[in-house]
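Right, one structure below, let's go through it.
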Amino acid sequence: MDNRAIGVFDSGLGGLTAVKELHKILPNENIVYLGDTGRVPYGSRSRETIIKYAQQDIDFLIKKDIKMILAACGTVSSTLPREISSKLPVPYVDIVLPAAQEACAMSARGRIGVVGTNATLKSNAFGRAMRGIRSDIHVYGNPCPLLVHLVENGMIEPDNQITTLAVQMYLEPLIKEKIDTLILGCTHYPLLYETFNRILDYKVTLIDSGQCAAKAVRNTLLKNGMLSDRTEPGTTEYNVTDEIETFDKTASIFLGEPVTGAVNRIELL
Ligand code: DGL
């Protein structure tokens, strides 16, 4: 049993889609969230910069005395080397392996698409993870650099013409490859779930990587005997590196519920 909080971080607010799932499946756990909103997006930056930022995010959470870390960011998950993540003093889960496992289990014909940021696609992390699970699969990737900006700007309605056009453009090459499963390899993309579904005519299984990662967090806590024994609902503390005035409004869209915990503006060193 361990009543310390689960630490969750993302480059911005996308990781809140994983927090939304954690609230559902682990309602009594405390959560400390860090969104590096002052430096989002990470996905168009160099590997060295992404690793440096991720280490600062992790250091911040470790100082908060968390019991495990969820990297709820596709870019960090696919870029941070195992030599770093495996040496952390607490268990570390990211979004790559849980989503890869789910996609391999769900895909009937083994034709799997991956969408995410430039850095995520360049790393080929999802492809490598899936080939390690299933040898008969074909992986087709396409980076979608505009989507994080559209989501962070609230352009998420399924009838938004600009977002629909952008998603259509990014999915075209994957549709041509006749994919049957698509990994949303960026935690911002579940906000565009309906847009993706409409363009894919509801014929492709969408894998929400944040949701899969939240389940992996529960499994890790269970396996290590680290679940909380709290009987009342847990609390969530939100930390961001940019202004907090509009945080509640935007964050509640990602969370699907109002923000109830403390919101702090912090500096990362
Ligand atoms: N949520 C991040 C990810 O999953 C956003 C992308 C970014 O920071 O570029 O990759």
Side-chain angles (χ1 to χ4, degrees), residues 7-22 33-58 60-61 69-80 85 92-100 102-103 113-127 129 141-156 163 166-167 170 182-193 196 206-214 216-217 238-242 247 250-251 253-255 268:
V8 182
F9 76 96
D10 178 38
S11 55
L13 301 183
L16 293 174
T17 57
V19 172
K20 174 182 178 180
E21 192 61 20
L22 286 173
Y33 183 81
L34 167 61
D36 193 3
T37 50
R39 300 191 296 199
V40 68
Y42 286 5
S44 43
R45 297 178 195 272
S46 71
R47 189 170 179 275
E48 294 69 37
T49 303
I50 295 166
I51 293 172
K52 184 175 91 183
Y53 288 176
Q55 282 186 301
Q56 291 171 340
D57 297 337
I58 289 170
F60 172 84
L61 289 175
I69 290 179
L70 168 59
C73 173
T75 306
V76 168
S77 299
S78 46
T79 306
L80 194 70
S85 60
Y92 170 91
V93 165
D94 66 36
I95 73 163
V96 173
L97 189 60
E102 178 79 359
V114 180
V115 285
T117 65
N118 282 329
T120 297
L121 271 292
K122 206 168 140 199
S123 77
N124 195 24
F126 284 98
N142 203 16
C144 311
L146 285 180
L147 300 190
V148 168
H149 301 281
L150 294 170
V151 170
E152 293 262 333
N153 282 290
M155 294 169 72
I156 57 172
T163 306
V167 175
Y170 290 132
L182 177 67
I183 296 185
L184 305 181
C186 169
T187 49
H188 280 70
Y189 299 175
L191 275 293
L192 304 176
Y193 209 84
F196 276 97
L206 298 181
I207 307 293
D208 177 336
S209 48
Q211 197 177 54
C212 298
V217 166
Y238 301 92
N239 300 280
V240 289
T241 54
D242 204 349
F247 178 84
T250 320
I253 299 171
F254 283 83
L255 287 169
L268 289 172

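For ligands, and for the atoms within them, numbers begin at 1 and follow the listed sequence. Reckoned from all heavy atoms, side chains included, excluding hydrogens, waters and symmetry mates. Counting begins at 1 with the first residue of the sequence.
Heavy atoms of Gly12 stay at 4.0 angstrom or farther from ligand 1.
At least one donor-acceptor pair closer than 3.5 Å links the side chain of Asp94 to the backbone N or O of Val96.
The shortest N/O to N/O separation between Thr120 and ligand 1 does not fall below 3.5 Å. Considering backbone and side-chain atoms together, Ala72 places no N or O closer than 3.5 Å to any N or O of ligand 1. Taking only nitrogen or oxygen atoms, main chain and side chain alike, Thr117 does not reach within less than 3.5 Å of ligand 1. Between Ser44 and ligand 1, not a single N/O pair is under 3.5 Å apart.
For the atom pair OG1 of Thr75 and OH of Tyr53, the computed distance is 13.0 Å after rounding to the nearest 0.5 Å. From Ile183, atom CD1 reaches atom OH of Tyr189 across 13.0 Å, with rounding to the nearest 0.5 Å. Of the inter-residue distances, the one linking Asn118 atom CG with Ser123 atom OG reads 11.0 Å to the nearest 0.5 angstrom.
Nearest heavy atoms, Thr187 versus Gly15: OG1-N, 3.6 Å.
Closest to atom 9 (O) of ligand 1, if we only count protein heavy atoms, is Gly43 N, 2.7 Å. In this structure, the protein non-hydrogen atom closest to atom 2 (C) of ligand 1 is Asp10 OD1, 3.3 Å. When hydrogens are left out, the protein atom nearest atom 10 (O) of ligand 1 is Thr75 OG1, 2.7 Å; that is the closest non-hydrogen contact. Taking atom 4 (O) of ligand 1 as the reference point, the nearest protein heavy-atom neighbour is Gly74 N, 2.6 Å. For atom 8 (O) of ligand 1, the closest heavy atom belonging to the protein is Ser11 OG, 2.5 Å.
Ligand-side atoms of ligand 1 in range of Pro41: 7 (C), 8 (O), 9 (O), range being under 4.0 angstrom from any heavy atom. Close contacts of ligand 1 with Val148, meaning ligand atoms under 4.0 Å from a residue heavy atom, involve 5 (C), 6 (C).
The aromatic rings of His188 and Phe254 sit perpendicular, their planes meeting at an angle over 60°, well past the 30° parallel limit.
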Verdict with reasoning, Asp36 to Tyr42, per side chain to side chain donor-acceptor pair (under 3.5 Å): CA-CA 9 Å; Asp36 193 3; Tyr42 286 5; 2.5 Å; yes
Ring pair (Phe, Tyr, Trp, His ring centres under 6.0 Å) evaluation trace for Phe247 with Tyr238: CA-CA 9 Å; Phe247 178 84; Tyr238 301 92; 5.5 Å; yes
